[in-house]
There are 2 protein chains.
Amino acid sequence: MPGAHHRDAHLHSDTSERIEAILDLLRSEGGRVTIGRRAIVTALLTANDHHLTAEDIAKIVQDQHPDVHVSTIYRTLETLERLRVIDRVSLGSGGAVYHPTDHTHHHLICDACGAVIELGHEALAPLKADLEDRHGFTLSSQPISLNGRCRECAAS
Amino acid sequence: MPGAHHRDAHLHSDTSERIEAILDLLRSEGGRVTIGRRAIVTALLTANDHHLTAEDIAKIVQDQHPDVHVSTIYRTLETLERLRVIDRVSLGSGGAVYHPTDHTHHHLICDACGAVIELGHEALAPLKADLEDRHGFTLSSQPISLNGRCRECAAS
DNA sequence: ATAATTGCAAAGTCTTTGCAGTTTG
DNA sequence: CAAACTGCAAAGACTTTGCAATTAT
């Protein structure tokens, strides 16, 4: 394997940095960085399609590292999800899709008490994907506010 | 609790009517109404919990009709989904949940050309279920408008 | 009558897990 | 070196399907 430390020349340095940051996070948790894990993280951060199934990831990774087993993909995805590096979104049917977490926030607003619940971007990701698939409609990336009732107010 | 042992006696006439309407719809499509199907539809419309898994439904149905096989549950759910009587929502992990469709409409608004796309309630059903599960937040049943770009404007 | 539906069992997807060997830090 | 990770194969959860028998209209 060619110099594992040098950053791949074709990646934007921003992306390379994100990848390295994730791998460092992994190490800081007592984890190890293997060829497979590096390839999986790279696949997640460099794919143009931002909703990859485990199988998609396996194909990308195995293209260069045929030995990486699908069980390793699942185990690594599980770890990355626990570290909040990626989100797992289970679509209607077939397998779940995975994508890097981003930090856009939306809000849930209680009509009764005015409480505001912060919502990560990933909460709307399935909706966004669905609207694109079904209507060719691209949801604005601006924060969205949704009204309704919080747990307490819904109960009363 | 007014006290008969007969389930049907407890149903509000409104619910009974909805059940019969669904069964009629089934018949009008050339379908047959069997004991199992009636029990499944009844379970879906009378459960207090509004997100039942196939297994939940099986338990309820089999309580009174032990012969109804789980494959029948799945096949009937598939049929009801096709008839847009119920929505299937696949949650993060574990099995999907099913619940009756309602007919609220939402809108997608193009920020560029002002086009309005009508959206059935079911488009937001997975989001709604997700918000309830994760945040105990009940989305208002009022129409929701979401902004973004339509297919044509997104392209340019 | 006859086409739809069912129960059953077997197969199909997608994902998880036990284990012995390998690799990372 | 010790702990973490891996490939493999087998198991698990959930869902679908082929088929002969049954049932609704």
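If you're wondering where the values come from, they're calculated on a predicted model, not measured in any experiment. Quick note on labels: first sequence line is chain A, next is B, and so on, each numbered from 1.
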**Message:** Just to be sure I understand the rule, does A:Ser71 reach a base, reach only the sugar-phosphate, or reach nothing, if contact means heavy atoms closer than 4.0 Å?
**Reply:** base

**Item:** Non-neighbouring partners of A:Ala47 that pass side-chain contact (heavy atoms from CB on, under 4.5 Å), sequence neighbours left out
**Value:** A:Leu52

**Item:** Results of salt bridge (charged side-chain N to carboxylate O under 4.0 Å, His left out) for B:Glu55 - residues two or more places apart only
**Value:** B:Lys59

**Asked** Which parts of residues 23-32 of chain A get close to DNA chain C, meaning a heavy atom less than 4.0 angstrom away?
**Response** A:Arg27, A:Arg32

**Item:** Under the side-chain contact (heavy atoms from CB on, under 4.5 Å) test, residues paired with A:Leu25 that sit two or more places apart
**Value:** A:Ser28, A:Glu29, A:Leu83, A:Val85

**Angle of first-five versus last-five pair axes in the helix from C:dA1-D:dT25 to C:dG25-D:dC1, to 10 degrees** = 40°

**Non-neighbouring partners of B:Asp24 that pass side chain to side chain donor-acceptor pair (under 3.5 Å), sequence neighbours left out** = B:Arg27

**Message:** List the residues meeting salt bridge (charged side-chain N to carboxylate O under 4.0 Å, His left out) with A:Arg151, not counting sequence neighbours, and say none if there are none.
**Reply:** none

**Message:** Going by side-chain contact (heavy atoms from CB on, under 4.5 Å), name the residues that satisfy it together with B:Ala21, two or more places apart in sequence or in a different chain.
**Reply:** none

**Request:** Using side-chain contact (heavy atoms from CB on, under 4.5 Å) as the criterion, list what pairs up with A:Ser71, not counting sequence neighbours.
**Result:** A:His69, A:Arg75

**Message:** Regarding B:Arg75, tell me which of base, sugar-phosphate or nothing describes its non-hydrogen contacts under 4.0 Å with the strands shown.
**Reply:** base

**Prompt:** Hey, does B:Val33 reach any base, or is it just sugar-phosphate, or nothing, if we go heavy atoms under 4.0 Å?
**Reply:** sugar-phosphate

**Contacts of B:Glu81 that satisfy salt bridge (charged side-chain N to carboxylate O under 4.0 Å, His left out) - sequence neighbours left out** = none

**Request:** Output all residues satisfying salt bridge (charged side-chain N to carboxylate O under 4.0 Å, His left out) with B:Glu20, sequence neighbours left out; order by chain, then residue number.
**Result:** B:Arg38

**Message:** Between P on C:dG25 and CD1 on A:Ile35, what's the gap in Å once rounded to a whole number?
**Reply:** 10 Å

**Prompt:** Which residues within residues 60-69 of chain A lie with some heavy atom under 4.0 Å of an atom in DNA chain C?
**Reply:** none

